[in-house]
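Below: one structure, written as structure tokens.
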Protein chains: 2
Amino acid sequence: MNEKLKVCPIRYTLGVIGGKWKLPIICLLACDTPMRYGAIKKKLGDITNMMLSQSLKELEANGMVNRKQYNVIPPKVEYSLTNEAKELLGALTMFAKWGNDQIDKNENNITSGCEECQSSC
Amino acid sequence: MNEKLKVCPIRYTLGVIGGKWKLPIICLLACDTPMRYGAIKKKLGDITNMMLSQSLKELEANGMVNRKQYNVIPPKVEYSLTNEAKELLGALTMFAKWGNDQIDKNENNITSGCEECQSSC
DNA sequence: CAGAATCCCGCCGGATACTG
DNA sequence: CAGTATCCGGCGGGATTCTG
């Protein structure tokens with residue numbers, strides 16, 4: 001992601017939101033209320049500290065999340081979506097709609113909530 | 001993809017178009033002219049037969065491409081996008097636009113064509 | 001021409017333990 | 001509370017070879 005290469009913009013986008021956990025995190029933060037590290041972890045349920053901190057770090061590096069650190073003890077850090085990230089939500093909604101249509105078409109007895117991020121996605 | 005699971009529709013969508021080669025293939029076929037196996041391979045350049053046939057097969061299984069086989073010798077097979085796939089192109093365009101904006105923002109001396117699929121994506 | 005079969009490697013992501 | 005450090009297995013994808 002940080003090399004200066006000619007790259008397909010779609011693949012660039014998928015690189016930013018790709019991987020197993022970034023999308024669920026973005027969905028969680030889409031509610032527009034800053035969330036603490038522990039709260040995100042609790043919502044996602046089975047993510048490890050390793051994966052969560054790494055995913056958040058990469059999302060931050062790509063300008064997707066704001067990290068606000070309060071210098072208190074015990075530590076408190078809040079994460080929220082950047083405006084750039086919010087601009088992606090529209091496209092994600094289209095993906096969700098398309099995905100739902102396909103799921104309904106292929107196998108017509110499926111419930112279509114987002115299990116991982118526990119939200120509407 | 002074929003298990004009957006509650007699944008996030010966005011992740012379902014990314015599952016369908018995910019992987020290294022499916023997106024370039026879709027971009028190629030987006031021109032709306034059916035393409036032969038060999039033509040796709042030639043355009044993509046460095047894809048192996050393994051990856052191309054596997055990607056096409058999975059795309060077909062997920063209702064993304066039509067496979068038209070002419071029973072002649074030597075074999076001739078043409079691939080094209082299904083209507084379902086075409087419904088995704090709008091969302092892909094949004095992804096491309098967002099990706100371009102980000103690329104321009106982060107590193108402002110980059111050309112933004114799609115190197116892999118040789119098309120406008 | 002349009003693939004299938006096999007073998008193999010890198011790395012994404014998981015488990016566990018530790019810390020300011 | 002909010003993370004690091006280290007080790008490790010599985011699997012996505014590549015190289016090569018073969019065929020109807």
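Residue numbering restarts at 1 for every chain, and letters A, B, ... go by the order of the sequence lines.
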Non-neighbouring partners of [X] that pass side-chain hydrogen bond (donor to acceptor under 3.5 Å, both in side chains), sequence neighbours left out:
{"X": "B:Glu78", "result": "B:Tyr70"}
{"X": "B:Thr48", "result": "none"}
{"X": "A:Lys86", "result": "A:Asp32"}
{"X": "A:Asn49", "result": "A:Tyr37"}

Those residues that, when tested against B:Lys97, pass salt bridge (Lys or Arg N to Asp or Glu O under 4.0 Å) (two or more places apart):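 Applying salt bridge (Lys or Arg N to Asp or Glu O under 4.0 Å) to B:Lys97 gives B:Asp101.
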
Which residues pass the salt bridge (Lys or Arg N to Asp or Glu O under 4.0 Å) test with B:Lys22, not counting sequence neighbours?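 For B:Lys22 the salt bridge (Lys or Arg N to Asp or Glu O under 4.0 Å) partners, ignoring immediate neighbours, are B:Glu58.
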
At a heavy-atom distance below 4.0 Å, which nucleotide of DNA chain D is the first touched by chain A, and which is the last?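 Answer, 5' to 3': D:dC1 to D:dT6.
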
Quick test: give all pairs of protein nitrogen or oxygen and nucleotides 13-20 of chain C nitrogen or oxygen below 3.5 Å, distance rounded to 0.1 Å.
| residue | atom | partner | partner atom | Å |
| --- | --- | --- | --- | --- |
| C:dG13 | OP1 | A:Lys20 | N | 3.0 |
| C:dG14 | OP1 | A:Lys20 | NZ | 2.9 |
| C:dG14 | OP2 | A:Trp21 | NE1 | 2.8 |

Axis bend over the full length of the helix from C:dC1-D:dG20 to C:dG20-D:dC1, computed from five pairs that close each end, to 10 degrees: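 That helix has its two terminal axes inclined by roughly 60°.
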
Other hydrophobic cluster members with B:Met94, side-chain heavy atoms of Ile/Leu/Val/Met/Phe/Trp/Tyr under 4.5 Å, chained?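 Joined to B:Met94, directly or through intermediates: A:Met94.
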
Filter on ring-ring contact (aromatic ring centres under 6.0 Å, His included), then keep only pairs touching residues 81-101 of chain B, sequence neighbours left out; what's left?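 The answer is A:Phe95-B:Phe95.
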
For B:Glu60, give me all partners under side chain to side chain contact (heavy atoms under 4.5 Å, CB included), at least two apart in sequence or on another chain.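 Side chain to side chain contact (heavy atoms under 4.5 Å, CB included) list for B:Glu60, sorted by chain: B:Val65, B:Arg67.
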
